[in-house]
Structures are given as C-alpha cells and as structure tokens.
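Predicted model only: the values in this text are computed from it and were never measured. As a basis for the values below, the full set of heavy atoms in this structure was taken, side chains included, without hydrogen atoms, waters or symmetry mates.
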Amino acid sequence: MRSRTYLTPNRHEKYMIVDGYNVINAWDFLQKISNEDLAFARDKLIHLLMEFGQYEKYDVTIVFDAQYTNTEENVEEITPHCKVVYTKEKETADSYIERSSYEATRYYGKEVYVVTSDGAEQSLILGAGAYRITAKELLRSVKHSKKNIRDEYTGVHALPIKRRELGSRIDDEIIAKLERMRKNK
C-alpha cells in the first residue's frame with residue numbers, strides 16, 4: 001500500500017502535509033469564520049495553501065478528520081500539486097498524517113514538512129524523518145509569500161508599462177489641424 005500519498009516523481013521535491021482542522025483552530029481569522037461556516041473556513045484554508053504551495057514549490061496535502069462519520073476516505077485533487085483528504089470512518093487526521101509522512105520520506109525521498117501544533121503528533125513526525133512546522137509558523141510563511149506575490153505582480157518588481165499614446169506618434173502639423181477642427185465644431 002505504498003502509493004497512499006499519491007505522489008509521483010515529476011512533482012515538487014518538497015511535500016507538505018497539513019492537519020486542516022488544527023490549522024483552522026490555530027489561525028484566529030479562520031477560527032472566527034469556522035464558527036459561522038466551517039465549510040467556508042475549509043475552502044479558505046485550501047485556497048491559501050494551494051497558492052502558497054504553488055509559489056513556494058510544495059506538493060500540499062490538507063487532511064481533515066472524518067472519523068466520526070460513516071464514510072469512506074475521500075481524496076480530492078484540487079491541482080496537480082494540491083490535494084485534500086477527508087479521512088475514512090474511525091481514522092484520525094493524525095494517523096493519516098503519520099503514515100503519509102513516513103511513506104513520503106521512506107519511499108519517495110522527499111523533504112516532508114508536517115504542519116500541526118499537536119505536541120504528540122510533532123514527536124512522531126520527527127521520528128519519521130519529517131520536519132515539523134507549527135500552525136503559527138505556517139501563517140507567517142503564508143503571509144510572507146502573499147506579500148512576495150503581491151510585490152512581484154503589482155509593481156515592486158514588475159516591469160513598467162510603456163504608454164504609446166496617439167499624440168506621441170502624430171506630427172505637430174496634424175495635431176494643430178485636429179485641434180482647429182475640434183474648436184470649430
């Protein structure tokens with residue numbers, strides 16, 4: 001059962017596994033959203049991490065507990081570099097994350113980063129050879145990446161747009177004639 005993490009060699013070299021509900025509860029703005037609409041908080045987290053992973057070159061898997069439901073495991077591939085997993089009945093996100101991080105480090109040789117603020121989970125992750133990132137550290141990284149994206153695409157590093165106005169390409173005599181025509185309306 002080696003391919004549970006659904007990784008392939010042509011994807012990014014860094015792999016991030018995120019405990020979804022742990023992050024939602026650790027980020028104040030997502031926790032507030034989740035009090036009103038949990039599905040929207042999940043979608044917001046997925047969008048933020050999809051963008052972050054693409055920019056920082058991570059394959060990202062976001063894991064949500066579904067242990068108290070009687071459903072099968074559900075995996076949604078959002079992009080080639082981002083997937084969302086809802087665990088199966090009686091399976092915690094922690095157990096899925098532990099197994100996936102072990103498989104990714106052992107079988108695929110990827111740098112594996114696990115995002116959770118759960119202390120017991122962090123110890124197991126380090127034992128599997130993965131790196132741990134707390135939810136607060138991830139939030140700082142996401143904000144930093146969003147700033148870099150904004151700077152790159154809104155002007156700090158973007159090339160200036162050269163305007164090519166019509167007036168700069170018309171000879172002065174024609175401009176004078178056009179101006180006289182405009183005034184004689």
- Can you list the steps and then say if Val23 with Val115 is a side chain to side chain contact (heavy atoms under 4.5 Å, CB included)? CA-CA 8 Å; Val23 171; Val115 179; 3.7 Å; yes

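- With sequence neighbours excluded, no residue forms a side-chain hydrogen bond (donor to acceptor under 3.5 Å, both in side chains) with Tyr86.
- For Lys146, the salt bridge (charged side-chain N to carboxylate O under 4.0 Å, His left out) partners are Glu51, not counting sequence neighbours.
- Contact record, Trp27 with Lys136: NE1-N, 4.4 Å, taken as the closest heavy-atom pair.
- With sequence neighbours excluded, the residues that form a salt bridge (charged side-chain N to carboxylate O under 4.0 Å, His left out) with Glu137 are Arg132.
- Both Tyr131 and Val18 belong to a common hydrophobic cluster when Ile, Leu, Val, Met, Phe, Trp and Tyr are linked at side-chain heavy-atom distances under 4.5 angstrom.
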Under 3.5 Å, sequence neighbours excluded: what are the donor-acceptor pairs made by side chains of residues 43-50?
none

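- Side-chain atoms of Asp65 come within 3.5 Å of backbone atoms of Ala93 as a donor-acceptor pair (strictly under, hydrogens ignored).
- A search for salt bridge (charged side-chain N to carboxylate O under 4.0 Å, His left out) contacts involving Glu36 returns nothing, not counting sequence neighbours.
- Minimum interatomic distance between Ile133 and Leu138 (heavy atoms only, all atoms of both residues): CG2-N, 3.7 Å.
- The shortest non-hydrogen separation linking Glu91 to Ser95 is CG-OG, 3.3 Å.
- A donor-acceptor pair under 3.5 Å is absent between the side-chain atoms of Lys14 and the main chain of Asp59, judged by distance alone.
- Nearest heavy atom pair, residue Ile62 against residue Cys82, reads CD1-SG, 4.3 Å.
- A donor-acceptor contact closer than 3.5 angstrom is absent between the side chains of Tyr15 and Thr105.
- The structure places CG of Asn148 at 9.0 Å from CZ of Arg150, a figure rounded to the nearest 0.5 Å.
- Looking at residues two or more places apart in sequence or on another chain, you find a side-chain contact (heavy atoms from CB on, under 4.5 Å) between Ala176 and Arg180.
- Salt bridge Asp151/Lys147: present, at least one basic N to carboxylate O contact under 4.0 Å.
- In terms of modelled atom types and a separation under 3.5 Å, the side chain of Ser101 and the main chain of Ile97 share a donor-acceptor contact.
- Of the possible polar contacts, one joining the Thr87 side chain to the Ala66 backbone as a donor-acceptor pair under 3.5 Å is found.
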- Message: Checking Asp19 against Asp94 for the side chain to side chain contact (heavy atoms under 4.5 Å, CB included) test, could you report, in this order, the C-alpha distance in whole Å, the side-chain angles of both residues, the deciding distance, and whether it holds?
- Response: CA-CA 7 Å; Asp19 185 335; Asp94 291 352; 3.2 Å; yes

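- Note that CD1 of Ile174 is 11.5 Å distant from CE of Met181, once rounded to the nearest 0.5 Å.
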- Task: With side chain to side chain contact (heavy atoms under 4.5 Å, CB included) as the test, would you mind laying out the steps for Val84 and Ile78 before giving the verdict?
- Result: CA-CA 7 Å; Val84 176; Ile78 308 300; 3.8 Å; yes

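- With values rounded to the nearest 0.5 angstrom, Ile24 atom CD1 is found 10.0 Å from Gln31 atom CD.
- To the nearest 0.5 Å, atoms CD (Glu56) and CD (Gln54) are separated by 11.0 Å.
- Ile17 has its side chain within reach of Val112: a pair of non-hydrogen atoms, C-beta onward, lies under 4.5 Å apart.
- Taking the six-membered ring wherever Trp is involved, the centroid distance between the rings of Tyr113 and Tyr58 falls below 6.0 Å.
- To the nearest 0.5 Å, atoms NZ (Lys32) and CG (Asp28) are separated by 6.0 Å.
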- Taking it one step at a time, do Phe64 and Val85 satisfy side chain to side chain contact (heavy atoms under 4.5 Å, CB included)? CA-CA 6 Å; Phe64 294 104; Val85 175; over 6 Å; no

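- By the 4.5 Å heavy-atom criterion applied to side chains, Met16 and Phe52 are counted as neighbours.
- Proximity of Glu76 to Asn74: side-chain heavy atoms (C-beta onward) are separated by under 4.5 Å at one or more points.
- The two residues Val60 and Gly53 come nearest to each other via the heavy atoms CG2-CA, 3.8 Å.
- Between Glu173 and Lys177 there is a side-chain heavy-atom pair separated by less than 4.5 Å.
- A distance of 12.5 Å separates NZ of Lys143 from OG of Ser145, quoted to the nearest 0.5 Å.
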